Every structure is written in C-alpha cells, then in structure tokens.
Amino acid sequence: MAAHHHHEHAGDDLTSAAKSTLEQAGEQWTDMRSTIFDALAEVKKPASAYDIAERVSELRGKRVAPNSVYRILDLFVKTNLARRVESANAYIANSHPGCLHDCIFLLCDECGSATHLDDDALSGSVRNAAQKAGFGDVRPVIEVRGKCGECD
C-alpha cells in the first residue's frame with residue numbers, strides 16, 4: 001500500500017479534530033490541554049517541551065512547568081494529536097489526528113523544518129523487518145536529514 005491523502009486540518013478545525021480524537025480515546029479536553037495544543041499547533045517547526053511551556057506561560061500569564069507540558073505532550077503522542085521528532089526531542093501537531101500512521105520525517109538541517117510523510121509501504125517494510133527480528137509492539141519512526149527545497 002502506498003502513501004494516501006488525508007484531510008489536513010488547520011486553525012479551529014485542527015483544534016476541533018484534536019479535541020474529538022482525544023475524547024474518543026477516553027481522555028478529557030481540559031483548558032491546559034487545549035492551551036498546550038494550540039501553542040503546539042501555532043509553531044511551524046518542531047518545538048521542545050520547554051518552548052511550549054514558555055509559550056503557554058505567556059498565554060496564561062503564569063509560569064507553567066515543562067514537566068507538566070511533557071506529560072501532556074506524551075499523551076498527545078499516545079493519542080495521535082502530536083508527533084515526536086525523536087532526534088530533536090521535539091514535537092509537532094498532527095494535522096490529521098484521526099488517522100494513525102508511523103512517522104516518517106524529512107528534517108531540514110538548515111532551517112529546522114520538519115515535513116511529515118505517510119508512506120505505509122515504507123513504514124510497513126520496516127515494521128515487518130523488525131517483527132521478523134523478534135521485536136513486538138513495533139512503532140517505526142524514520143527521520144531523514146538534509147536540506148529542504150527552500151534552503152537548497
């Protein structure tokens with residue numbers, strides 16, 4: 001199976017899709033989770049929990065601890081609202097939270113941008129190879145580094 005297309009959510013539509021996905025997973029959409037998601041969704045490059053905590057602190061007018069943000073970001077990754085760029089320990093909002101795929105990132109070494117791709121054939125091959133090697137609960141994360149088209 002090759003890559004397929006999704007409805008890419010943005011703005012209030014993305015927040016609504018994220019809220020719905022989280023609630024369908026049996027979790028509550030709290031004010032703090034909403035604020036953290038909105039802060040994550042507004043950044044164009046992968047952001048660390050510290051970056052998000054700083055932005056949320058600005059929005060709320062009081063300091064928010066990065067540890068609290070980490071816990072919520074981990075929940076967002078678990079429920080497919082966000083993706084984690086492993087090599088950078090950073091996060092980006094998933095623009096189609098209702099659709100679960102393995103992560104394939106194209107990461108620009110110049111500007112820091114991250115492009116997420118869905119290619120079930122590629123990630124499926126990695127998943128199958130790992131399972132044949134005896135790995136269980138496989139979650140492929142593929143990161144390709146280079147220069148994006150704008151920086152090249």
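All values reported here derive from a predicted model rather than from experimental measurement. Residue numbers start at 1 and run along the sequence shown. Atom set for the values below is all heavy atoms of this structure, side chains included, hydrogens, waters and symmetry mates excluded.
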(request) Verify whether one side chain among Tyr50 and Asn89 offers a donor that lies under 3.5 Å from an acceptor in the other. (result) no
(message) If we ignore hydrogens and angles and just use 3.5 Å, is the side chain of Lys147 paired with the main-chain N or O of Glu110 as donor and acceptor?
(response) no
(request) Kindly give the heavy-atom pair with the smallest separation between Cys148 and Cys108, and that separation in Å. (result) N-SG, 3.3 Å
(request) Calculate, to the nearest 0.5 Å, the distance between atoms NZ and CZ belonging to Lys132 and Arg127 respectively. (result) 14.0 Å
(message) Between Ile104 and His116, is there a side-chain heavy-atom distance shorter than 4.5 Å?
(response) no
(request) Would you please test Asp38 and Thr15 for side-chain hydrogen bond (donor to acceptor under 3.5 Å, both in side chains) and show each step? (result) CA-CA 7 Å; Asp38 288 343; Thr15 300; 3.0 Å; yes
(request) Show your reasoning for whether side-chain contact (heavy atoms from CB on, under 4.5 Å) applies to Ile142 and Leu122. (result) CA-CA 9 Å; Ile142 301 166; Leu122 176 62; 4.1 Å; yes
(request) State, with a plain yes or no, whether a side-chain heavy atom of Asn80 is found less than 4.5 Å away from one of Asn94. (result) yes
Which donor-acceptor pairs under 3.5 Å do side chains of residues 28-37 form with protein atoms, sequence neighbours excluded?
| residue | atom | partner | partner atom | Å |
| --- | --- | --- | --- | --- |
| Thr30 | OG1 | Arg33 | N | 3.1 |
| Arg33 | NH1 | Gln28 | O | 2.7 |
| Thr35 | OG1 | Asp31 | O | 2.9 |

(request) List the steps, then state whether side-chain contact (heavy atoms from CB on, under 4.5 Å) holds for Leu106 with Leu117. (result) CA-CA 8 Å; Leu106 303 178; Leu117 301 176; 3.8 Å; yes
(message) Counting only heavy atoms not in Glu54 (residues, nucleotides, ligands), do more than 12 fall under 6.0 Å from its CD?
(response) no
(message) Measuring only between side-chain heavy atoms, which start at C-beta, is Leu59 closer than 4.5 Å to Arg55?
(response) yes
